[in-house]
Every structure is written in C-alpha cells, then in structure tokens.
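Quick note: numbers below take in every heavy atom, side chains included, and nothing from hydrogens, waters or symmetry partners. Each chain gets a letter, A, B and so on, in the order the sequences are listed, and its residues count up from 1.
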2 protein chains.
Amino acid sequence: MQDKIILGLLLDGDKSSYDIKKNMEMSTGFFYNSSQGSIQPALKKLLQNGHVTFSEEHQGARVKKVYAITKEGEKEFIEWADEAISLEKPRDPALVKMFFSNYVELDRKLEMIEEYLHEIKIVIATMKTMEQISLEQIKNSKQALDNEKIKSRLATLQFGMDYYIFLNEWYEKYLRQLKNDN
Amino acid sequence: MQDKIILGLLLDGDKSSYDIKKNMEMSTGFFYNSSQGSIQPALKKLLQNGHVTFSEEHQGARVKKVYAITKEGEKEFIEWADEAISLEKPRDPALVKMFFSNYVELDRKLEMIEEYLHEIKIVIATMKTMEQISLEQIKNSKQALDNEKIKSRLATLQFGMDYYIFLNEWYEKYLRQLKNDN
DNA sequence: ACTTGCATGTAAGTCGTTACATGATTGT
DNA sequence: ACAATCATGTAACGACTTACATGCAAGT
C-alpha cells in the first residue's frame, strides 16, 4: 500500500523522501501514514524495481535526493488503480475490547467509552478544519487545478469525517443502552 | 492483538490450537481472523511468557495439545482489557484507491464501486444470518449463560453490521453523486 | 545561542501472511 | 476407498514500527 501511495504522490510531482513524508501526513494521513523509517526502504525497493529514479539537488553543503516516477512506475500504479476494490475487515482493536468487555467492570467500561468518544470528537473537529482549509485553498488558487483530482481527494476526506461521525453516533447509542440496562 | 484474542478465548475454556482457530473464525472472525500458521508461534510465545500452559490428551495414536490460560495470563489479559481504548485510523485500501481515483477512467470507477457494493451487500446478508443463529442458540440453550458475555458479543456483531450498512450507504450515495455530475 | 525544521539513513524488532509439509480420524 | 475435517507445525517472506544516528539550514 505504502509503495502505491508513494507512486501516487510522485505522479503529482517530484519529491524528496522528506517531502513524501510531509505530503502523506497532509493528504492520506488520516487513514494511512507511514513513518519516515519505512519510506526510506520503500524508495530503495522502488529504485531497484525501476519504478522511480532520483536526481541530486545541491544546496550548499547539503545534497537533496529528488525522486521521480518512471514510465514503468506509472504503468504499475495505473494497473493497481484499475484493479477491483477488495473489501477488507474493520481490523479495529476497539472491537476486540468491546467483544471481551464482559471482563471489565461496568463503571470502567462506561468511562472507557466516554474517553473514546472524546477522542473521536477531537478528530471530527480537526477534520472539519482540514476540509475548510482545503476548500479555501481551492477558492484562492489562480491555477487551473485538476478538477477530478480535487473531487476524489475531497470525497476521501468526506468519507473520513462521515466514518468518525458514524463511530461517534454508534458509541453514543451504545453508551445510552448500557446506562439504561443498569 | 492476536495474543489477546487467544487469551480471551481461553478464558472461555481450554482449547487446542485448532479449536482456537475455529473459535476465532466464528466469533471475532468478521473483524479479526488469524491464520493457523500465525496462531502456532503466538502460542509458543505465550508458553514462554507463562501466560498459557498445555496438557496432552491422548486419543489413540493422536496427541492433542490442550491449552489453558494461567493466572499470569489472566492478569495480563484483564490489565489489557482495562486500558483505555485507542482510536485507530481506518487503514482501508479502498480509501487509498478512492483518493487516487482521478487516475482511473470514470466508467471503470463506477464499475469498481458497483462491484464493491455487491461485496458489501453479501457481507451484510451473511452477518444477518449469523446474528439469527446466535439469537436462536441463546433461546434454545438450557444452560445459564453469562448474560454480560452474550451482550458484549452481540454488540460487537451489531457494530459489524452497522459498519457495513454505513459503508453501503456511503458508497451508494457517492455513486449517485458521480453519476449526476456527469 | 538555540530551537525548529529540513534531510537521509540504519538496525532491531513486531506482527503478521501464504505456502508448504505431515499425518490421524471420521463419515459416507 | 476417499473425502472432509481434525490436528500440529515450519519456512520464507512482507510490511511495517520505534529508536537510533547524523548533520545542515533558517529564524528568533
């Protein structure tokens, strides 16, 4: 997945490993974020496969490696993007805890869910801010931006917000149920 | 996570590695399912930590290893269950594809989402059947079952269904939007 | 002077996966 | 007889993570 994201980000323009990390944080970050220590070996592998190349930019004493996607990398990426979307399990540790929550005292369980809900609300607020910033940037941009690109990326952000809103509503309902039961 | 699920399942009763796998499939299976080849080394580690022990059951030529949770294992598990629930990112490859879907032709994109929706609907139907079976089993059971246990496990199943219903509704709405846009 | 940000990389470890390899038991 | 299911295990690999290690550049 990581390698596909790297290729996708390089399709938008050449980047250093540092830029890739920063870009990831601000774009796919809310659902997929790699550590810098894992981007490095991923780039190494992409170089070996011939999916990316790099050129060196000299800035005084510092040498910056700027990576670019190759024709083969582009082909690989487009093939992946065209493949069917596979339905994955919601591998969420929160569900494992809920499943075994009969081994937790009720008061503690309620407390845990309330803390969890608090975290969810923070994320929702953050994402709303992110969306506002994105929309502003698009409005203020004089460049002719790729419309389809903006749309798909905003849709993903929208999914993120809706997902956390779903979580919020679900756990709030569950909390009410637990309280009424006892 | 895997080790915690194994401990949790062993709290319900002693099991062989095979039984653990089967139990996992039918209980946490829809959100977390380990391969048999990964349960084996996990048990090895739990043995080394002293979190489980095993006894051998001889059935003719076959020797069955029955694992049981220890006092230390129980302590470890309860401590984990009591810890705050951490909010995880929805690490879903489908989102990565959506994010970069501007590189896919619109017709193919619509087709992919339709196929994805089809898979989601199958899962929802399967889970509804699973829920019915669970409810029947509870009704027909003469045993005094642990009420709290049943409740938390059904709640998890309910979360699963609601999650897939959310996915279904979200992608259906997105599909309508894409169609109206063009 | 000092902190923050830019910049690249390695090492060790975690947590899993798929595929392989083997064999006993039970039901049809 | 044979298929399905019970039963245990290894080997090779994948896809990361955290922590470490280093050093330049820019702003306050």
Side-chain angles (χ1 to χ4, degrees), chain A residues 1-7 9-10 14-26 28-29 31-49 51-67 76 80 86 88-93 96, chain B residues 1-7 9-10 14-26 28-29 31-49 51-67 76 80 86 88-93 96:
Chain A
M1 201 74 326
Q2 201 186 30
D3 53 331
K4 298 305 182 303
I5 295 174
I6 292 172
L7 291 178
L9 292 176
L10 289 180
D14 300 353
K15 280 167 191 68
S16 68
S17 67
Y18 188 82
D19 289 338
I20 290 168
K21 167 73 182 137
K22 286 280 142 189
N23 258 267
M24 233 170 165
E25 269 168 22
M26 292 182 302
T28 65
F31 62 95
Y32 211 100
N33 202 11
S34 289
S35 62
Q36 163 257 106
S38 116
I39 289 169
Q40 223 71 46
L43 281 169
K44 211 177 188 174
K45 216 176 166 186
L46 286 168
L47 275 170
Q48 283 167 1
N49 295 340
H51 293 154
V52 301
T53 46
F54 73 91
S55 54
E56 292 188 335
E57 253 180 36
H58 293 264
Q59 301 174 315
R62 184 150 61 170
V63 182
K64 194 171 155 178
K65 280 190 183 175
V66 179
Y67 294 88
E76 173 79 11
W80 165 81
S86 71
E88 300 291 320
K89 291 172 200 291
R91 270 171 156 275
D92 186 347
V96 186
Chain B
M1 201 75 326
Q2 201 187 28
D3 54 331
K4 298 306 182 303
I5 296 174
I6 291 171
L7 291 178
L9 292 175
L10 289 179
D14 301 352
K15 280 166 191 68
S16 68
S17 67
Y18 189 81
D19 290 337
I20 290 168
K21 168 76 182 133
K22 285 280 142 187
N23 259 266
M24 233 169 162
E25 268 168 23
M26 292 181 302
T28 64
F31 61 94
Y32 211 101
N33 202 12
S34 289
S35 61
Q36 163 257 107
S38 115
I39 289 170
Q40 223 71 45
L43 281 169
K44 212 178 190 174
K45 217 178 165 183
L46 287 168
L47 276 170
Q48 283 166 1
N49 295 340
H51 293 155
V52 303
T53 44
F54 73 90
S55 54
E56 293 189 335
E57 253 180 37
H58 294 263
Q59 301 173 315
R62 183 151 59 171
V63 182
K64 195 171 154 178
K65 279 191 184 174
V66 179
Y67 294 88
E76 172 80 10
W80 166 81
S86 71
E88 300 290 321
K89 290 171 201 291
R91 270 172 156 272
D92 187 348
V96 187

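The side-chain hydrogen bond (donor to acceptor under 3.5 Å, both in side chains) check on B:D19 picks up B:S16, with sequence neighbours excluded. Partners of B:Y18 under the ring pair (Phe, Tyr, Trp, His ring centres under 6.0 Å) rule, at least two apart in sequence or in another chain, do not exist in this structure. By the side-chain hydrogen bond (donor to acceptor under 3.5 Å, both in side chains) test, B:E57 pairs with no residue at all, sequence neighbours left out. Residues passing the side chain to side chain contact (heavy atoms under 4.5 Å, CB included) test with A:P93, sequence neighbours excluded: B:M1, B:E88. Legend: residues meeting side chain to side chain contact (heavy atoms under 4.5 Å, CB included) with B:D3, ordered by chain and number and at least two apart, are B:L46. With sequence neighbours excluded, the residues satisfying side-chain hydrogen bond (donor to acceptor under 3.5 Å, both in side chains) with B:E25 are B:K21. Residues that satisfy the side-chain hydrogen bond (donor to acceptor under 3.5 Å, both in side chains) test with B:Y32, not counting sequence neighbours, are A:R91. Every side chain to side chain contact (heavy atoms under 4.5 Å, CB included) that A:S35 has, sequence neighbours left out, goes to A:S38.
Contact annotation for A:D3: no contact, since no heavy-atom pair falls under 4.0 Å across all strands. At a threshold of 4.0 angstrom between heavy atoms, the contacts of B:S35 include nucleobase atoms, whether or not backbone atoms are also involved.
For the pair A:K15 (side chain) and A:I6 (backbone), a donor-acceptor distance under 3.5 Å is absent.
Between the CE atom of B:M1 and the C1' atom of D:dC16 there is a distance of 17 Å, rounded to whole Å. Regarding B:K89, its NZ atom lies at a distance of 14 Å from the P atom of D:dC16, rounded to whole Å. Atom OH in B:Y67 sits about 18 Å away from atom P in D:dC6, given to the nearest Å. If you measure from atom CG of A:L43 to atom P of D:dA15, you get 15 Å, rounded to the nearest angstrom.
For D:dA7, the OP1/OP2 oxygens have a side-chain nitrogen or oxygen of B:K64 closer than 4.0 Å. Between D:dT17 and B:R91, a contact under 4.0 Å exists linking OP1 or OP2 to a side-chain N or O. At D:dA7, none of the side-chain N or O atoms of B:S17 fall inside 4.0 Å of OP1 or OP2 (strictly under the cut-off).
For the helix from C:dA1-D:dT28 to C:dT28-D:dA1, the terminal axes (five pairs an end, C1' atoms, rotation from four pairs onto the next four) enclose an angle of 30°, given to 10 degrees.
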Could you list the protein-to-nucleotides 23-27 of chain D atom pairs, N/O on both sides, closer than 3.5 Å?
| from | atom 1 | to | atom 2 | distance (Å) |
| --- | --- | --- | --- | --- |
| D:dC24 | O2 | A:R62 | NH1 | 3.4 |
| D:dA25 | OP1 | A:Q59 | O | 3.3 |
| D:dA25 | OP1 | A:A61 | N | 3.1 |
| D:dA25 | O4' | A:R62 | NH2 | 3.4 |

Quick test: give all pairs of protein nitrogen or oxygen and nucleotides 10-14 of chain D nitrogen or oxygen below 3.5 Å, distance rounded to 0.1 Å.
none

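The CG atom of B:N23 sits 5.5 Å away from atom CG of B:L9, with the distance rounded to the nearest 0.5 Å.
Here chain B contacts DNA chain C (any atom closer than 4.0 Å to a heavy atom, that is under 4.0 Å), and the contacts span C:dC15 to C:dT25 from 5' to 3'.
When all heavy atoms are compared, the tightest approach of B:M24 to B:S34 is CE-OG, 3.3 Å.
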